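So the structure is just underneath, and the comments pick up after that.
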Amino acid sequence: MTMREIIEDFRHWDGPDIRIMEVCGTHTAAILQGGIRSLLPKSITLLSGPGCPVCITPAAYIDKAVELAMREDCRLYSFGDMLKVKGSVRSLADAKAEGAHVRFLYSPLDLLEIAEKDPGHLHVFAAVGFETTAPVYAMLVKKAQESGLRNLKILTALRTILPALELILDSGDPVDAFLAPGHVSAIIGSDAYRSLAQRYNRPFTVAGFSPDHILLAIRQLAHAVREGRHDVCNLYPGAVHQEGNRKAQALLENVFEPGPSVWRGIGIIPESGLFLRESFTAFDAGSRGLDSDPPANPACRCTDVILGRIHPASCPMFGTVCTPQEAQGPCMVSDEGSCGIWYRFRGEI
Amino acid sequence: MKQVMMVHGSGGTQTAGLISAIFARHLSNPVLDRMEDAAVLKVGGSCVFSTDSFVVDPIRFPGGDIGKLAVCGTVNDLLCMGATPRWLSAGFILEEGLPFDILDEIVCSMNAACVEAGVIIAAADTKVIEGNGGLFLNTTGIGMLGRRRPIRADGGRPGDAVIVSGQLGDHHACILSHRLGIRNGIRSDCAVLLPLVDALRSRRITVHAMRDITRGGLATVLNELCLSSRVRCRLEEVSIPVSSEVDAFCRILGLDPLYMGNEGKLLLFVPDNQSAQALRALHATESGRHAVRVGTLLAPDPQNVNRTRVVLHTRLGGERPVDSLSGEGLPRIC
Amino acid sequence: MCVAVPGEILSVDGDVATVDFFGNRMRVSLGLVDAKIGDHVLVHAGCAIEVMRREQAEELLVLLAELDEVLAPEREGRVR
Ligand code: SF4
């Protein structure tokens, strides 16, 4: 079967209304780039899940990062897209404009060399991410410990995806099927979804990131829903093993422990955060207890949007009070947030 | 090694020494050599006038440096208005600590770009500030229209062919590679667009609108032109030209080549029936050899004038709206 | 969520490799994988997170050609 035929098949698709959640922000971006939505029948809706680390990082965390960045003796680093998210008052980009030392890096591991060369400052990486990125931070901390670096710390806002999916599934009945994140799955393995699939009767498909893989995965899920199947299917076998990356899992286990953590717009999810273990607290820049997350605008309905309960356009502020330029909630801030995506599409496609 | 110090900006002997050692030596021409407070220019008829400032870091990069960039940037703006560039002014802001030989190299390459573009630096100024060996540069330019009419941003018409003169994202990828320590062979496309514009002119191509694709990338520049021309545009993803190296670079950092800056690329709207001829003209030039038609202008949607102006027809046959760049276009890794 | 791309290992120096991505070369940590020169690794934030298995990837292409196979229930074992 060719891509043409898949597309043709969707054109004549006859099935129930199906809501598929793409969990991962990079899938969201690829779906946008490939114009995938325009190839799907009206009855298939793609919902963007909570898999954008930038969207779900609470205000208190950003505030703490800004506070560190403003300190004379401190240098703060992160990934590029973290810079623009506002805390309760400012973003890291704002702090930078006020003279704070904030730099974006491609790899957290670069910090080892930076810290070694500049012993006069404390170097902190704002460590956001999911299971894919967490092992990289674990390695950073391990190496820092081995080489006795005392001026390197991480400020963590690390999340694991399964507790969030469970919460979504518990919150009502908004999602019929999940497009599972390809690179998180490379670490945790495709088997990690089995228990959720069975307990909640939902199909999961792990997919890579090229538009044709994504389209194939959506077809796979749509058929599964229509036929009442709830299996886990791995369509990214080149990168994802059933059992995941054992070495990375062991390192995560060694360095981090799970704990309750706040997801912006959702609230506290038990056991969904990763925190440095006791033996590594010397490398923690103060990551625990950053729970306060006052909504920028109390009328914002991001929680409902993230959980798939309402469509962004159903929020009364969407596109009027709330735009990417004047975002009232996290879903509008990031390019990967549901409201931001729908704003850009303007309901056209 | 000799380097710039605060005293070089004092206006005294040391300033004069710096000027004669570097600036006057490379940029010499009858207008500048008079060393007067202002240049006297013979301007007859309509002229176009433009200014631009350059703050690129690093100041030297594969394919060019800030000096070449500052000439190309302003000259290309004048060219895109349909003018013949003639005179530039150059304002240098030097940070103390800048080595003389680097400054020398940059001013030298500025001169080479001027020769290529057929312009002279008619006025120049230098200031020194405290800092770390950096260099900032402003150029202002005047170009003559002669009897030609300026090429305006609002000239695009439904049915026009949308052409880009080469592969996208090279400059942006080159600069970012340097900053992030990624080694590759990507060179900045920094170039004077005169040969391209000349080629189009000599084949008598009717250009409805033209712009150099700089900051914000094709997406942003195209949206601006479509907005001014009150047209929509349909782009074909398969024809968007990107080198495999830049494409891979973009994948590593989660960037979109449509939003990446260039320093030697033209976007032009020409009548559909002249599209093939325009491409032939561009292909005959060095920097236009990858020129390609990427799309077509469409009439505005009568139902909804606010409808997205640029739509990309994707490889898979889907569609997606292409907006202007918002924010900084930073890499996203996680 | 997580941008990662496959590249080919050109050389290895301890647990750091030089990896090529269509002409772009980066130093990449191999701390999370067992990989050797010539292997393709999936790289995220400067770290190889998995060794790409070419046969499986190719098998998927075959599966793309025989899509109906993929759509049959509980075929994950076979896909892998
Ligand atoms: S449109 Fe704005 S206010 Fe409404 S849910 Fe989305 S982010 Fe919140």
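Just so it is clear: chains get the letters A, B, ... in the order the sequence lines come, proteins before strands, and each one is counted from 1. In this text, all values refer to a predicted model and were calculated from it rather than measured experimentally.
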Pairs of heavy atoms under 4.5 Å with chain A: top-ranked of B/G317, B/G181, B/G318:
B/G318
Among B/L316, B/L312, B/T314, who wins on heavy-atom pairs under 4.5 Å with chain A?
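The candidate making the most pairs under 4.5 Å is B/L316.
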Between [X] and [Y], a side-chain donor and acceptor under 3.5 Å:
X: A/E131; Y: A/T160; answer: no
X: A/H123; Y: A/Y77; answer: yes
X: A/D94; Y: A/S91; answer: yes

Below 4.5 Å from any heavy atom of chain B, which atoms of A/L40 appear? Answer side chain, backbone, both or neither.
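A/L40 has no heavy atom closer than 4.5 Å to chain B.
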Can you tell which part of A/P324 gets under 4.5 Å to a heavy atom of chain B, answering side chain, backbone, both or neither?
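Neither part; nothing is under 4.5 Å.
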Are B/H172 and B/Y259 close enough that their ring centers fall under 6.0 Å?
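No.
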